Amino acid sequence: FNRASFSSFVSAPRKALVPCFLTKIVSTTEEEKLARLNIADRQGRIRMAGLIAAGNYPQQFFPRLFIDVAVHPGIEKSQPGALRFLDRVECEGSASEMINDAVNATSRNLRSYSFIEGIGRKDELEIPSEVLREAIANAVVHREYHPYFQGQPVTVDVYADRIEISNPGGLWGGKTIDNLADGQSRCRNSARIQLVQTTPVIGSNLITAEGQGGGIILMMNEMQNRDLRAPEFRATQDSFTVVLWRSSVNLSNKADEII
């Protein structure tokens with residue numbers, strides 16, 4: 001259990017991001033705080049939601065609950081005559097640590113472009129970092145944690161033409177491919193989404209997930225703003241995948257400004 005992570009849920013500098021019920025537990029004991037936050041039960045035993053959100057190393061107890069980032073040289077896995085991986089990272093730790101490491105591991109294997117903006121230069125990834133973070137965070141938050149699925153990690157496969165982010169567990173709570181962008185949030189575990197809504201992104205004042213149902217809309221809008229192909233969503237009974245198509249260097253009106 002990571003006490004620093006626990007403290008972040010009730011820290012004063014982030015009052016605006018903390019649910020109102022947290023302001024009512026400041027004077028209680030640490031054990032009561034842990035129970036009310038659903039990090040632990042009344043007997044002091046850490047719940048899975050608490051372990052994933054605030055654990056020092058959750059993989060000690062659940063070895064496969066990590067994010068597997070794999071970079072492939074072609075457009076399919078294990079193509080004949082090619083290296084199997086150009087890069088491979090298993091991102092472990094708490095939810096915020098895993099997500100942050102996975103975004104960084106993916107970003108370093110993408111192209112970046114530089115544009116003249118005023119008298120300065122602006123560098124941008126071929127796929128917006130906000131889209132990467134949202135897709136990866138969604139996969140961690142909305143994955144299935146039932147024992148049947150605990151042997152499967154979240155996966156991020158980077159191909160020459162696309163990125164595929166997949167999580168165990170299909171759509172839930174009436175969600176379908178057709179209504180993913182309706183702005184309505186559904187989650188298998190309300191305690192887990194409550195915790196990640198108050199978990200800060202490492203090194204910033206942002207939160208790990210906003211829980212308002214706007215993530216899919218954000219991804220679609222950001223990709224459109226960059227003149228990139230719209231994200232694709234694929235769902236089966238026991239998995240969900242987001243496909244982000246990489247830039248084909250068709251940067252439209254920005255093309256003349258590339259350094």
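For clarity, every value in this text was computed on a predicted model and none was experimentally measured.
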Non-neighbouring partners of [X] that pass salt bridge (charged side-chain N to carboxylate O under 4.0 Å, His left out), sequence neighbours left out:
X    : value
E126 : R111, R246
R47  : none
R45  : D41
D123 : R121

Partner residues of [X] under the side-chain contact (heavy atoms from CB on, under 4.5 Å) criterion, sequence neighbours left out:
X    : result
E31  : T29
I177 : L171, L180, F233, A235, F240
P63  : none

Mind checking what makes side chain to side chain donor-acceptor pair (under 3.5 Å) contact with D238, not counting sequence neighbours? T236
Restricting to side chain to side chain donor-acceptor pair (under 3.5 Å), what partner residues turn up for E92, sequence neighbours left out? Y57
Using a 4.5 Å cut-off on heavy atoms from C-beta on, say whether the side chain of [Y] contacts that of [X].
X    : Y    : result
Q79  : P73  : no
P128 : R226 : yes
N100 : E97  : no
I127 : I163 : yes
I136 : M98  : no
N221 : L218 : no
F61  : M48  : no
L110 : L132 : yes

Are more than 12 heavy atoms from other residues, nucleotides or ligands located less than 6.0 Å from atom [atom1] of [X]?
X    : atom1 : result
Q237 : CD    : no
E232 : CD    : yes
M220 : CE    : no

Each residue besides W245 in its hydrophobic cluster should be listed here, by chain and number; the cluster joins Ile, Leu, Val, Met, Phe, Trp and Tyr at side-chain heavy-atom distances under 4.5 Å. V243
Strictly by salt bridge (Lys or Arg N to Asp or Glu O under 4.0 Å), give each pair with a member in residues 80-89 just once, sequence neighbours left out.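 Every salt bridge (Lys or Arg N to Asp or Glu O under 4.0 Å) pair that includes a residue of residues 80-89, provided the two are not neighbours, is D68-R88, D87-R108.
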Hey, does the side chain of N56 reach the backbone of G93 with a donor-acceptor pair shorter than 3.5 angstrom?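 Not a single qualifying donor-acceptor pair exists.
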Pairs of donor and acceptor atoms involving the side chains of residues 148-159, under 3.5 Å and at least two apart or interchain, shall be tabulated with distances.
residue : atom : partner : partner atom : Å
Q150    : NE2  : Y145    : O            : 2.9
D157    : OD1  : H72     : NE2          : 2.8

Answer yes or no: is there an ion pair linking E32 with R42, defined by an N-O contact shorter than 4.0 Å? no
